[in-house]
2 protein chains.
Amino acid sequence: MDAVFKALADESRRQLLDQLHKSNGQTLGELCAHLEMTRQAVTKHLLLLEAANLVVVVWRGREKLHYLNSVPIHELSERWIGKYERHRLQAMSDLKKGLEQNKTKKG
Amino acid sequence: MDAVFKALADESRRQLLDQLHKSNGQTLGELCAHLEMTRQAVTKHLLLLEAANLVVVVWRGREKLHYLNSVPIHELSERWIGKYERHRLQAMSDLKKGLEQNKTKKG
DNA sequence: TTGACATGCAACCATTAAGTTGCCTATTAT
DNA sequence: ATAATAGGCAACTTAATGGTTGCATGTCAA
């Protein structure tokens, strides 16, 4: 579990997860295109994400395809949120999103 | 949001959140009792948790009471988990917990 | 089969972060 | 008043982390 927290601590790695959330199964090359750093640096970040089981990898020939796995993130959130508290928080979050969407429609 | 991820990246700080999850509103001194480090080090950790809004503080005389705030953790988990995926993950988690509880009862 | 492409591995550097020691301030109780 | 208690602030040390460069490996296509 420590690996998950450490992996999420870096903004570049969070952006990689964002990338995969938008479009799953990207190669290393594709993921590099969105970050301002060398391919080697991105590789290191992806290795950490793999170690944390946040990213799962499939080889296709010489290409490495990356897939997001959100299970660890869900497990993480359960550590300090009780069952009933979760429902309350979810309801508040849904309400907030609803209001924001409404505001966007009007504006 | 970056502050939240950074704050959660350290095991000592996670233990502090665990402490508050067990018993909310503890003083600095009480929180120190559970960690193998100086009071000053614990203070630093708590300052980071406060900055991330994971811990809220109330002064009572010369004592500083610390309270857990789980809202940021819930928001965090929403970043990479879609609405329907969340339901699926929650169902799986509940099932898993149910099985574990059953096993414990039998054993 | 040879060149280009996709990725891996290792050494190195700079910055951040965790923890320490030492000293200061404010509140409580005798 | 003053001693004990609860906590804050700052400088310093050391280890971890993010990023770089350079070179090696394996796969595809002409």
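Numbered from 1 within each chain, the chains take letters A, B, ... in sequence-line order.
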Sequence neighbours excluded, the answer for side chain to side chain donor-acceptor pair (under 3.5 Å) partners of A:Ser77 is A:Arg86
Applying side chain to side chain donor-acceptor pair (under 3.5 Å), can you list everything that pairs with B:His74, at least two apart in sequence or on another chain?
A:Gln90
Within residues 14-29 of chain A, which residues have any heavy atom lying less than 4.0 Å from an atom of DNA chain D?
none
Each nucleotide N or O in nucleotides 23-30 of chain C that has a protein N or O under 3.5 Å away: list the pair and distance.
unit_1	atom_1	unit_2	atom_2	d
C:dT27	O2	B:Arg62	NH1	2.8

Hydrophobic side-chain clustering at under 4.5 Å (ILVMFWY, transitive links): who's grouped with B:Val56? Put none if nobody.
none
Considering only distance and modelled atom types, tabulate donor-acceptor pairs under 3.5 Å from the side chains of residues 31-42 of chain A, sequence neighbours left out.
unit_1	atom_1	unit_2	atom_2	d
A:His34	NE2	A:Gln19	NE2	3.2
A:Thr38	OG1	A:Ala41	N	3.3

With sequence neighbours excluded, tell me which residues meet salt bridge (Lys or Arg N to Asp or Glu O under 4.0 Å) with B:Lys44.
none
Shoot me the first and last contacting nucleotide of DNA chain D against chain A, ordered 5' to 3', at under 4.0 angstrom to non-hydrogen atoms.
D:dT17 to D:dC28
Go through residues 44-54 of chain A and report each residue with a non-hydrogen atom lying under 4.0 Å from DNA chain C, sorted by number.
A:Lys44
Verify the contact: side-chain N or O of B:Thr38 to OP1 or OP2 of C:dG19, cut-off strictly under 4.0 Å; return yes or no.
no
Give me each pair satisfying salt bridge (Lys or Arg N to Asp or Glu O under 4.0 Å) with a member in residues 12-23 of chain A, each pair once, sequence neighbours excluded.
A:Glu11-A:Arg14, A:Arg14-B:Asp2, A:Asp18-B:Arg79
Specify the angle, to 10°, made by the local axes at the two ends of the helix from C:dT1-D:dA30 to C:dT30-D:dA1 when five pairs are taken at each end.
30°
Which of residues 4-11 of chain A have a heavy atom under 4.0 Å from DNA chain D?
A:Lys6, A:Asp10
